[in-house]
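Have a look at the structure below, then the notes.
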Amino acid sequence: MPYLMKIMSIFGTRPEIIRLSRIFSLLDTNFNHVMVNTSQNYTYELNSVFFDELEIRKPDYDLKVKTGKYGLEVSDIITKSEDILLKEKPDILLILGDTNSGLAAIPAAHHRIKIAHLEAGMRSYDFRMPEEKNRVIIDHLSSLLLPYTTYSRENLIRENIHPSKIYVVGNPIIDVIDYFAHKIESSDIMEKMKLEPDGYFLVTAHRSENVDSAETLEKIFLSLQAIGKRFKKRVIYPIHPRTLSKIKKRKIPSNIELIKPLGFFEFSKLEKNSFCLITDSGTVPEEALYFKKPCVTIRESTERPEYIEEGSNILAGLNPKNVETAVKVITSHENNREWNKSLGDGTTALRVANILSGKIDRLQY
Ligand code: UDP
């Protein structure tokens, strides 16, 4: 039997599971692949649902990490992933993105296990975001950096990461949408919710710097209330458990429809048919560009300036007046942006598998 490179993937949140889903399939068929779910997002709607929908096999390990307090969560991820790294001794640890689950890079680097980082090089240059610190740590501990875009590649080079470690691979979300396009199309969520195409805003907001403070959360609700009224559209808000836990006794304006988080097919179908997307998510602006839908980002900074340069997204901040103006501007012109330039060509999974297989024995620390 020829030696099969052992790759351990570690993940635990909604966007990681979705983005990695097509890559998992190639890792399973071409490598000795060990899958580790930290369950950092532990509810069914943010984790297990995507295994069922996106044809992902059962992970080899479920770390069931403790969540809630920062120190508890991070130390549990480090301790439990160290045990598995020492037991499995993978050739490469594959990490996607910037979550606390990615901090498994710390014990991996300590034990000289090489790390490949997908979604490398994103920078908001805003240290209020917990994710920004994780991005810097994971990138600088990695041997192989796999950014989505040339802009992210340049960020890495500016931080003195050697270009020989970097390969731009495009955005894996496109592989996933392309592969499941028929399932997205056949979702009946529009009928179930009695929604008309272009008749509603679709909202996601859950970043800690936005929802952990009562003041910023209030601005979000005021913005949503104002745009719903002004544009005479329904406001559909699948609410993340973190945001729900912060709302407490606040009365929700009657024109905002809070619903449970949706599965990927239903949510994508709603994106595709919405009037405009309002979000603080990283992935939603990418999906908006793919579906050629206007998108307003309700954040003060972004690690994805490509979509703003593209003209498909406005970075509006949280002030209700600015959000209203941004919606007016972005919905007043045809959104015909080409997505290939900043999202790649939908063959990211293949590129990742090729690059990993070419790197056995030759990765530098
Ligand atoms: N998403 C979903 N159901 C929802 C809301 C979002 O399936 O109710 C998907 C969305 O299509 C995208 C991903 O979840 O692919 C975005 O995840 P999130 O916003 O939590 O993470 P971020 O992209 O900000 O890291």
Side-chain angles (χ1 to χ4, degrees), residues 11-23 40-54 56 67 95-102 118-119 122 124 126 129-132 134-135 138 148 171-181 183-184 187 189 192-193 195 200-211 220 235-244 257-274 277-291 293 295 297-299 301-304 306-307 313 315 343 348:
F11 53 88
T13 64
R14 172 166 72 183
E16 290 164 308
I17 299 166
I18 296 173
R19 285 177 190 280
L20 282 166
S21 59
R22 298 312 308 148
I23 297 170
Q40 183 186 329
N41 282 168
Y42 54 87
T43 61
Y44 175 78
E45 289 91 0
L46 293 190
N47 198 315
S48 316
V49 63
F50 302 111
F51 286 82
D52 298 341
E53 276 195 325
L54 305 177
I56 307 172
T67 55
I95 292 170
L96 181 146
D98 51 25
T99 65
N100 288 343
S101 299
L118 189 53
E119 198 177 291
M122 282 200 187
S124 63
D126 179 350
M129 294 185 75
E131 293 90 345
E132 182 74 357
N134 293 346
R135 290 178 194 126
I138 301 166
Y148 297 164
N171 196 316
I173 197 68
I174 302 309
D175 300 42
V176 183
I177 304 176
D178 276 350
Y179 188 81
F180 290 108
K183 296 226 172 159
I184 294 171
S187 155
I189 184 78
K192 270 201 323 221
M193 292 188 67
L195 289 164
Y200 59 94
F201 288 96
L202 182 63
V203 180
T204 71
H206 64 270
R207 298 243 89 77
S208 75
E209 67 276 15
N210 272 354
V211 304
I220 292 176
V235 179
I236 310 296
Y237 185 175
I239 195 152
H240 191 284
R242 180 197 283 140
T243 316
L244 194 60
E257 300 174 48
L258 295 189
I259 58 172
K260 276 185 160 187
L262 297 167
F264 183 70
F265 304 147
E266 291 189 328
F267 187 77
S268 301
K269 177 89 183 232
L270 290 192
E271 287 182 309
K272 198 175 167 192
N273 286 285
S274 65
L277 293 150
I278 311 289
T279 190
D280 67 3
S281 157
T283 319
V284 171
E286 299 168 353
E287 294 165 340
L289 175 56
Y290 179 91
F291 290 127
K293 281 289 157 184
C295 183
T297 295
I298 43 171
R299 276 164 60 174
S301 61
T302 178
E303 64 289 346
R304 289 164 162 89
E306 292 93 328
Y307 309 109
N313 189 283
L315 184 65
L343 291 172
T348 298

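Whatever order the structure lists ligands and atoms in, that order sets their numbers, starting from 1.
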Close side-chain approach of K272 to F267, heavy-atom, < 4.5 Å: no

Salt bridge D98-R135, side-chain N to carboxylate O under 4.0 Å: yes

S281-ligand 1 polar pair, N/O distance under 3.5 Å: yes

Which residue and heavy atom of the protein sit nearest atom 13 (C) of ligand 1, plus the separation: I18 CD1, 3.9 Å

4.0 Å heavy-atom contact, R207 with ligand 1: yes

Salt bridge E286-R304, side-chain N to carboxylate O under 4.0 Å: yes

Salt bridge present between E266 and K183 (N-O < 4.0 angstrom): no

S268, any N or O under 3.5 Å of ligand 1 N or O: no

Nearest neighbour in protein (non-hydrogen) for atom 1 (N) of ligand 1: F267 CD2, 3.6 Å

Donor-acceptor side-chain pairing of S268 and E287 below 3.5 angstrom: no

Nearest-neighbour protein heavy atom for atom 3 (N) of ligand 1, which is reported as residue plus atom name and distance: L262 O, 2.7 Å

Sub-3.5 Å N/O-N/O distance, R14 and ligand 1: yes

Atoms in ligand 1 with a heavy atom of G282 nearer than 4.0 Å: 22 (P), 23 (O), 24 (O)

Polar side chain donor-acceptor pair, S208 to R242, under 3.5 angstrom: no

Nearest heavy atoms of R207 and S281, plus distance in Å: NH1-CA, 3.6 Å

Between S274 and E271, a side-chain donor and acceptor under 3.5 Å: no

Heavy atom of the protein closest to atom 18 (P) of ligand 1 (residue, atom name, distance): H206 CE1, 3.6 Å

Other residues, nucleotides, ligands: >12 heavy atoms within 6.0 Å of Y42 OH: no

Nearest non-hydrogen protein atom, atom 23 (O) of ligand 1: T283 OG1, 2.3 Å

Location of contacts on F264 toward ligand 1, heavy atoms closer than 4.0 Å: both

P238, any N or O under 3.5 Å of ligand 1 N or O: no

Region of R19 that comes within reach of ligand 1 [heavy atoms, distance under 4.0 Å]: neither

Atom indices of ligand 1, in the order listed, that fall short of 4.0 Å to a heavy atom of F50: 7 (O)

Derivation and outcome, ring pair (Phe, Tyr, Trp, His ring centres under 6.0 Å), residues F264 and F50: CA-CA 7 Å; F264 183 70; F50 302 111; 7.1 Å; no

Location of contacts on E45 toward ligand 1, heavy atoms closer than 4.0 Å: neither

Close-contact set for ligand 1 against G263 heavy atoms, below 4.0 Å: 7 (O)

Heteroatom distance test (E287, ligand 1): nitrogen or oxygen, under 3.5 angstrom: yes

Atom 21 (O) of ligand 1: the protein heavy-atom neighbour that sits closest, reported with distance to 0.1 Å: P15 CG, 3.2 Å

Distance in Å, I95 CD1 paired with L20 CG, rounded so as to fall on 0.5 Å steps: 10.5 Å

